[in-house]
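Take a look at the structure set out below.
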Amino acid sequence: MKNVRVNFDTWIQLLGMTGVLGGLIFVGLEMRQSQQIALAAQQQARTEIFTGIVNSVNESSEVSLYQILKKVTENASLTASEEKIAENYALQTVWIFENDFIQYKAGLIDENVWLAKLASVRGIASMCHIRDAVEYLLQFTTAELGNLVDVPPKSTCEEKVIN
């Protein structure tokens with residue numbers, strides 16, 4: 001076997017490359033952690049928004065948001081106050097959905113969460129009492145977002161009154 005000598009400069013270069021590689025791995029791990037923190041912060045912000053919506057209904061109505069949305073889902077008759085709350089809820093939901101869409105496109109919302117949100121807003125858009133509010137606001141969003149929601153035609157609403 002031949003004795004191979006490695007000079008001092010080669011060792012310095014090897015150590016330098018090892019240091020750069022270690023630094024890149026560290027930066028990658030930090031970026032991953034920052035992404036996870038951003039996702040958690042976005043979810044916290046959405047939770048706070050919906051809690052605020054529920055609290056505002058609690059302060060302004062004798063019935064809960066759940067009771068109003070149940071009536072909306074069943075296409076039951078609403079009082080003027082309940083209709084106003086339902087329409088405002090629909091508008092707030094579309095604004096939140098638009099924000100979620102932008103965050104999804106930026107990679108800040110997980111695919112499964114996005115699909116659940118899309119299904120939710122499609123469900124809201126199909127509710128007869130609030131369809132007009134959803135359709136109105138969607139005209140001020142991007143065409144791509146409006147096409148995703150795909151508001152059903154008004155002819156699918158049937159008049160029924162449940163008390």
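Position 1 is the first residue of the sequence, and the numbers go up from there. When reading the values below, keep in mind they use all heavy atoms of this one structure, side chains included, and skip hydrogens, waters and symmetry mates.
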(Q) With rounding to the nearest 0.5 angstrom, report the CG to CD distance, L69 to Q67. (A) 10.5 Å
Q) Can you tell if the side chain of Q139 reaches within under 4.5 Å of the side chain of E135, non-hydrogen atoms only? A) no
Q: Verify the neighbour count for atom OH of Y136: are there more than 12 heavy atoms of other residues, nucleotides or ligands below 6.0 Å?
A: no
Q | Closest heavy-atom pair and its distance - I68, A86 | A | CG2-CB, 4.1 Å
Q. Is there a path of hydrophobic side-chain contacts, each under 4.5 Å between heavy atoms of I, L, V, M, F, W or Y residues, that connects Y66 with L78?
A. no
Q: Please report the shortest heavy-atom distance between A125 and V151, naming the atom on each side.
A: O-CG1, 3.7 Å
Q.
Let me confirm one number: the CD1-CG distance from I96 to L91, rounded to the nearest 0.5 Å.
A. 11.0 Å
Q: Output, in order, the C-alpha distance, side-chain angles, deciding distance and verdict of side-chain contact (heavy atoms from CB on, under 4.5 Å) for R131 and C128.
A: CA-CA 5 Å; R131 173 184 316 224; C128 296; 3.9 Å; yes
Q. Hey, what's the ring geometry for W114 with F101, parallel, tilted or perpendicular (30° and 60° as the breaks)?
A. tilted
Q: Side-chain contact test, heavy atoms from C-beta onward, threshold under 4.5 Å: evaluate it for D100 versus Y104 and give yes or no.
A: no
(Q) Donor-acceptor check, side chain of S120 to backbone of A116, threshold 3.5 angstrom: yes or no? (A) no
Q. CG of L65 to CD of E82: how many Å apart, nearest 0.5 Å?
A. 11.0 Å
(Q) Within this structure, what is the NZ-CD distance for the pair K71 and E83, rounded to the nearest 0.5 Å? (A) 11.0 Å
**Q.** Cluster check L145, I102: I/L/V/M/F/W/Y, side chain < 4.5 angstrom
**A.** no
Q) Is any side-chain heavy atom of H129 closer than 4.5 Å to a side-chain heavy atom of N75? A) yes
Q: Report whether L115 and F97 are members of the same hydrophobic cluster (ILVMFWY, side-chain heavy atoms less than 4.5 Å apart, transitive linking).
A: yes
Q. Can you tell me how far CG of L24 sits from CG of L29, rounded to the nearest 0.5 angstrom?
A. 11.0 Å
(Q) How close do E87 and I130 get, counting heavy atoms only, and between which atoms? (A) N-CG2, 3.9 Å
**Q.** Reported CE-to-CG distance for the pair M17 and L15, which is rounded to 0.5 angstrom
**A.** 9.5 Å
